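The structure appears right after this line, and notes come after that.
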Amino acid sequence: KYKSTPQPLENLMINVDITKDQGDLSSLHLIMNQVQGSFGNNGRFDHIMDVYPFSDHKTNKGETNIQFSASDLYASFPFIDEMALEGAFEFSSQYQFNMAQIENESWDEISVLANLKGDNIVYPDESLVEYKVSKLSANIEQQNVSVGLENVQYGRSFLSFVDFKGPILPYLLGKAKILNGALMARGKMIDLNPWLVDEAQVDTSVAVSTSDIDLSPYHLDYEFKTDELRYDEYDLTQVQFNGKLKDGNLWVEKMEGIYQSTFLQCNGEVSNLSGYLNEVSNLRMDFACSGDEFDLWAYMSSEENAQNVAEKEAVEPFRFPEEIDM
């Protein structure tokens with residue numbers, strides 16, 4: 001039973017030529033000159049294909065273009081669970097292959113070029129906090145994948161861009177044992193509180209997954225910058241660092257930032273990431289930090305009430321996420 005009656009596919013036009021030599025099934029040739037139509041309110045698709053379905057080694061090729069919004073999908077395909085996703089999308093692809101490559105799962109021999117674009121994407125998570133992305137771009141060229149996000153917003157956090165590049169397809173298809181790639185991000189303000197909140201503040205009415213998080217071998221080089229980084233009531237500005245993320249360990253190099261009047265520099269390592277995410281081991285952090293100065297007055301007092309110590313309000317201790325070894 002569907003939630004609603006689907007809107008029909010409209011303006012459908014199909015043009016297919018079929019040729020075949022007598023007595024030779026492998027010569028069957030399907031030429032799809034035109035497969036076009038519309039769906040939802042503004043969704044459109046356009047597909048052409050040249051294929052030999054019963055030949056192992058003859059070359060097949062095709063091209064597909066789709067333009068749609070999230071509302072077009074829900075209107076025409078009501079069996080898709082509606083998740084209040086919003087946004088407009090464009091997808092285009094070109095591909096070339098033969099049936100032997102498909103049967104033998106020789107994915108690295110298949111020629112693929114694909115692009116996905118998205119605008120004004122909004123997606124609420126299980127806690128109904130909205131993720132917003134003004135622009136999405138994803139590109140696949142043979143085995144290499146690049147993904148770019150612009151103006152990413154989550155709660156109070158805002159990232160100007162997030163970019164990833166790497167040969168991800170061999171890893172996803174089981175041809176490569178290690179994921180290699182480069183990750184770069186630039187933020188205006190990053191609020192860590194939604195992820196590192198104290199357990200007592202977690203809304204237990206929201207269902208969470210109890211499945212183990214499987215982090216297969218990976219190796220990512222990353223670079224990160226943000227104008228502001230916030231945890232609890234602590235604000236750091238002009239934060240930047242780079243390093244690598246490899247098999248559950250995060251190496252941080254040349255981390256710099258300003259807290260109050262102190263310019264901080266740190267290098268270190270965060271380990272046991274996968275065990276910590278699976279709740280089977282503590283997170284371990286080893287850092288060496290230095291600063292150009294430490295203003296104890298800024299850290300330990302408030303100018304407006306420092307004159308009268310008796311009237312000073314109690315200050316909450318610094319809160320670390322639970323189960324972290326320092």
Side-chain angles (χ1 to χ4, degrees), residues 3-4 6-13 34-49 62-95 112-169 172 181-191 194-195 220 222-228:
K3 297 188 289 292
S4 61
Q7 292 186 14
L9 300 179
E10 297 180 320
N11 305 315
L12 190 62
M13 293 184 290
Q34 182 183 47
V35 179
Q36 294 179 336
S38 60
F39 58 97
N41 296 318
N42 299 296
R44 299 190 306 274
F45 61 90
D46 185 354
H47 173 71
I48 59 175
M49 196 169 186
E63 182 176 332
T64 303
N65 297 281
I66 307 174
Q67 296 180 347
F68 63 96
S69 67
S71 60
D72 293 327
L73 291 180
Y74 303 139
S76 300
F77 309 99
F79 51 85
I80 298 177
D81 291 334
E82 188 166 352
M83 300 173 293
L85 173 69
E86 300 177 10
F89 303 88
E90 294 182 15
F91 173 78
S92 63
S93 64
Q94 296 176 342
Y95 36 89
V112 179
L113 177 63
N115 292 279
L116 174 65
K117 296 181 180 179
D119 291 303
N120 301 319
I121 302 169
V122 180
Y123 175 72
D125 66 6
E126 294 178 345
S127 62
L128 299 181
V129 176
E130 290 185 336
Y131 291 88
K132 296 181 179 180
V133 179
S134 66
K135 286 188 178 297
L136 159 70
S137 62
N139 174 269
I140 299 175
E141 186 170 359
Q142 296 303 99
Q143 302 179 27
N144 294 309
V145 174
S146 60
V147 179
L149 305 174
E150 294 183 21
N151 300 331
V152 180
Q153 186 174 352
Y154 174 77
R156 295 183 296 179
S157 300
F158 183 85
L159 288 85
S160 303
F161 69 84
V162 179
D163 286 327
F164 171 81
K165 293 181 174 65
I168 192 173
L169 287 184
L172 294 177
L183 178 67
M184 181 181 295
R186 177 73 170 90
K188 293 293 185 182
M189 204 284 279
I190 305 300
D191 186 3
W195 296 281
L220 298 177
Y222 67 87
E223 180 179 331
F224 183 82
K225 295 181 180 180
T226 181
D227 293 345
E228 182 180 4

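Given the structure is predicted, the values throughout are model-derived calculations rather than measurements.
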Less than 3.5 Å apart, which donor and acceptor atoms pair up between the side chains of residues 64-73 and the rest of the protein, not counting sequence neighbours?
unit_1: T64; atom_1: OG1; unit_2: H47; atom_2: ND1; d: 2.9
unit_1: T64; atom_1: OG1; unit_2: Y95; atom_2: OH; d: 2.8
unit_1: Q67; atom_1: OE1; unit_2: R44; atom_2: NH2; d: 2.0
unit_1: S69; atom_1: OG; unit_2: S71; atom_2: OG; d: 2.9
unit_1: S69; atom_1: OG; unit_2: D72; atom_2: N; d: 3.3
unit_1: S69; atom_1: OG; unit_2: D72; atom_2: OD2; d: 3.0
unit_1: D72; atom_1: OD1; unit_2: N41; atom_2: N; d: 2.8
unit_1: D72; atom_1: OD1; unit_2: N42; atom_2: N; d: 3.1
unit_1: D72; atom_1: OD2; unit_2: G43; atom_2: N; d: 3.1
unit_1: D72; atom_1: OD2; unit_2: S69; atom_2: N; d: 2.9

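Looking only at side-chain heavy atoms (C-beta outward), L136 and L116 come within less than 4.5 Å of each other. At a threshold of 4.5 Å between non-hydrogen side-chain atoms, the residues F45 and L12 count as touching.
Among residues two or more places apart in sequence or in another chain, the ring-ring contact (aromatic ring centres under 6.0 Å, His included) test is passed with F224 by F241. Scanning for side-chain contact (heavy atoms from CB on, under 4.5 Å) contacts around V133 gives I121, L149, V152, with sequence neighbours left out.
Expressed to the nearest 0.5 Å, how far CD of E90 lies from NZ of K117 amounts to 6.5 Å. Put simply, CD on E150 and CZ on F161 are 9.5 Å apart, with the number rounded to the nearest 0.5 Å. With values rounded to the nearest 0.5 angstrom, D227 atom CG is found 4.0 Å from R186 atom CZ. Considering CG of L183 and CG of L220, their distance stands at 6.5 Å, rounded to 0.5 Å. The distance from the CG atom of N120 to the NZ atom of K135 is 7.5 Å, given to the nearest 0.5 Å. S93 contributes atom OG, which lies 7.5 Å from atom CD of E63 (distance to the nearest 0.5 angstrom).
Shortest non-hydrogen contact noted between K132 and V122 is CG-CG2, 4.1 Å. Between F39 and L9, the shortest heavy-atom contact is CB-CD2, 3.6 Å. The shortest non-hydrogen separation linking E228 to M189 is OE1-CG, 3.0 Å. In plain terms, the two heavy atoms of A75 and G40 that are nearest each other are CB-CA, 4.3 Å. The two residues G181 and F164 make their nearest non-hydrogen contact at CA-CE1, 4.0 Å. Between L159 and A185, the closest heavy-atom pair is CD2-CB, 4.1 Å.
The environment of E10 atom CD is dense: over 12 non-hydrogen atoms of other residues, nucleotides or ligands sit within 6.0 angstrom.
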